[in-house]
There are 2 protein chains.
Amino acid sequence: MGEFIENIHKAIKDLRNGKFILIYDDDKREGETDIIIASEFASPNSIQTMRKDGGGLIFLMTSNENAEKLKLPFLADLFSDIDDKYPVLKELIPDDIPYDTKSSFSLYINHRDTFTGITDIDRSLTMRKFAELTKKLRNIDEGIATKMFGKEFRSPGHVPICVAAKSLLDERAGHTELVVSLLKMANLTPVGSGCEIMGDNGKALSKDKAKQYAQRNGLVFLEGNEIVRTWKKWSK
Amino acid sequence: MGEFIENIHKAIKDLRNGKFILIYDDDKREGETDIIIASEFASPNSIQTMRKDGGGLIFLMTSNENAEKLKLPFLADLFSDIDDKYPVLKELIPDDIPYDTKSSFSLYINHRDTFTGITDIDRSLTMRKFAELTKKLRNIDEGIATKMFGKEFRSPGHVPICVAAKSLLDERAGHTELVVSLLKMANLTPVGSGCEIMGDNGKALSKDKAKQYAQRNGLVFLEGNEIVRTWKKWSK
């Protein structure tokens, strides 16, 4: 018990200092470890670490409130609203995701100052600027928020945004909800950057090997249930 | 002149043998080298090579005719058709892409037999099965094509599909058009897999360094204009 609280404290401290942490969700979900950083600290080097040591999708995560303010839709909802005009979307309905009921994907964005959008410089700019915008919007009216968003970003782009469930960990315990909860407990802007860590055998890196990677690199390794337990106490 | 024809021949032979080739678009476009394979040969190892040696976005490319048969929309068109309901899409209009006038992104898909969709096994399955479906559809009616597509795939997913311009290299000379043209000249299924190669300096790998990588690994290095010139003769 004491040990995992210590782990959470260290993770919060590291996130505040712009360091990576590792989060393994759960044997019963994806069974995947993601390498995570608070997006306000994302640099070209962070992207390089994520693509070299992670190798999965490099993505943004944000809170449901932030998405609501920016009027960011879930892509699955947007698709189902236009599937009369594009009937192929009816055929492609993602109703059989093995580890969850709902896809958390929203739009893919690029900052308008990026060139191709995919280089380490470009992706980190998109991420950092999205966190900065989120921070700025705290006291800004909804109507202006989407204008400010569009002034800085375009979509389609190369950086996907995943949006957390409304009731966060009470509803879903995916990496998006785990990361947003941690950022809230850390009192940081609720925008995280992450990437799944792949193994050399075609699968996700095993939990044991992810722990070894954490030790070698001096990174905190958290499991989903540790975050869920802390969150339940904290959010009461 | 003789040398580049030889290069094209070798590239076509390598694609047919399931080997990677490298394509640099143009100094005046993205200035980027992509590592490319015909998707019918994509294996977990191919994805590993793309993420480790490439590091950019791992994506599918297909012909405009195939997209039409599957009723695959350009994401930008789909967005503009539903921007009354989702006004944020009006703000995010991608009207300022520095190197081109139009985004070639269509949907992101996963094969329904994938688990998370992001592992090397999963992404290669999605790619290979998409090429197999395309091959099967050659003599199949449009109405059935989308049904067959939806039976095997879901969207949103982790593998983006880029769709080539209708008139291919007469209209646009991005990696998508360059690759689809080459696959047609090679008489292969017009579905390619690729990934942009990143450098260690935050930018795309320079042309010179990409050429060195090609030499070290025994891969053909082509430039966009070599493909364009060959295509113009071939498609007459």
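Just so we're on the same page: letters track the sequence lines, and every chain starts at 1.
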If I measure from the heavy atoms of chain B, does A:Phe105 come under 4.5 Å with its side chain, its backbone, both, or neither?
side chain

Under 4.5 Å heavy-atom distance to chain B, tell me which part of A:Leu107 shows up: side chain, backbone, both or neither.
side chain

Name the member of A:Ala204, A:Gly31, A:Gly202 that forms the most heavy-atom pairs with chain B at distances under 4.5 Å.
A:Gly202

Can you tell which part of A:Tyr108 gets under 4.5 Å to a heavy atom of chain B, answering side chain, backbone, both or neither?
side chain

Applying a strict 4.5 Å limit to non-hydrogen atoms, the region of A:Asn45 in contact with chain B is neither

Look at atom NZ of B:Lys203 and say whether more than 12 heavy atoms of other residues, nucleotides or ligands are closer to it than 6.0 Å.
no

Given that the side chain runs from C-beta out, which part of A:Glu152 has a heavy atom under 4.5 Å from chain B: side chain, backbone, both or neither?
neither

For chain A, find which of B:Glu32, B:Lys151, B:Met50 contributes the most heavy-atom pairs closer than 4.5 angstrom.
B:Glu32

Where on B:Phe115 is there a heavy atom nearer than 4.5 Å to chain A: the side chain, the backbone, both, or neither?
both

Turns out that what part of A:Thr114 lies under 4.5 Å from chain B's heavy atoms comes down to backbone

By a 4.5 Å heavy-atom criterion (distance strictly below it), what part of A:Ile93 contacts chain B: side chain, backbone, both, or neither?
backbone

Any idea which heavy atoms bring B:Leu92 and A:Arg112 closest together, and the distance?
C-NH2, 3.5 Å

Does the side chain of B:Pro156 reach to within under 4.5 Å of the side chain of A:Phe74, using non-hydrogen atoms?
no

Does NZ in A:Lys90 sit with more than 12 non-hydrogen atoms of other residues, nucleotides or ligands closer than 6.0 Å?
yes

Does any heavy atom of chain B fall under 4.5 Å from the side chain of A:Gln48, the backbone, both, or neither of them?
side chain

Does any backbone or side-chain atom of A:Ser103 lie under 4.5 Å from a heavy atom of chain B? Answer side chain, backbone, both or neither.
side chain

Cut-off 4.5 Å, heavy atoms of chain A, and the answer for B:Asp77 is both

Given that the side chain runs from C-beta out, which part of A:Tyr86 has a heavy atom under 4.5 Å from chain B: side chain, backbone, both or neither?
side chain

Heavy-atom pairs under 4.5 Å with chain B - which of A:Ile118, A:Leu70, A:Val88 has more of them than the others?
A:Ile118

Against A:Met198, only a single residue in B:Thr119, B:Ile47, B:Ile121 fulfils side-chain contact (heavy atoms from CB on, under 4.5 Å); can you say which?
B:Thr119

In terms of heavy-atom contacts, A:Arg154 and B:Pro98 come closest through NH2-CD, 3.9 Å

Show your reasoning for whether side chain to side chain contact (heavy atoms under 4.5 Å, CB included) applies to B:Asp200 and A:Lys52.
CA-CA 11 Å; B:Asp200 285 333; A:Lys52 288 199 169 169; 2.9 Å; yes

Residue from B:Gly117, B:Gly150, B:Ser124 scoring the most non-hydrogen pairs under 4.5 Å with chain A is B:Gly150

So OG1 of B:Thr116 and CD of A:Glu196: to nearest 0.5 Å the spacing works out to 6.5 Å

Tightest non-hydrogen contact, residues A:Gly55 and B:Arg123, listed as O-NH2, 3.0 Å

Applying a strict 4.5 Å limit to non-hydrogen atoms, the region of A:Ile58 in contact with chain B is neither

Among the listed options B:Pro44, B:Gly56, B:Ala145, B:Ser43, the residue most often paired with chain A at heavy-atom distances under 4.5 Å
B:Gly56

Contact part of B:Arg29 toward chain A, heavy-atom cut-off under 4.5 Å: side chain, backbone, both or neither?
backbone

Heavy atoms from other residues, nucleotides or ligands near NZ of B:Lys69 exceed 12 (cutoff 6.0 Å)
yes

Please flag which part of A:Lys85 lies under 4.5 Å from any non-hydrogen atom of chain B: side chain, backbone, both or neither.
side chain

Can you tell me which portion of B:Asn201 sits under 4.5 Å from chain A's heavy atoms? Options are side chain, backbone, both or neither.
backbone

Proximal component of A:Lys147, with respect to chain B [non-hydrogen, under 4.5 Å]
both

Taking every heavy atom of B:Ile82 against every heavy atom of A:Leu78, the minimum-distance pair comes out as CD1-O, 3.9 Å

Whatever's closer than 4.5 Å to a heavy atom in chain A on B:Glu30 counts as both

Of all of B:Leu57, B:Asp96, B:Ile97, B:Asp95, which one pairs up most often with chain A through heavy atoms under 4.5 Å apart?
B:Asp96

With only heavy atoms counted, which part of A:Phe79 is less than 4.5 Å from chain B, the side chain, the backbone, both or neither?
side chain

Is it the case that over 12 heavy atoms from other parts of the model lie below 6.0 angstrom from the NZ atom of B:Lys209?
no

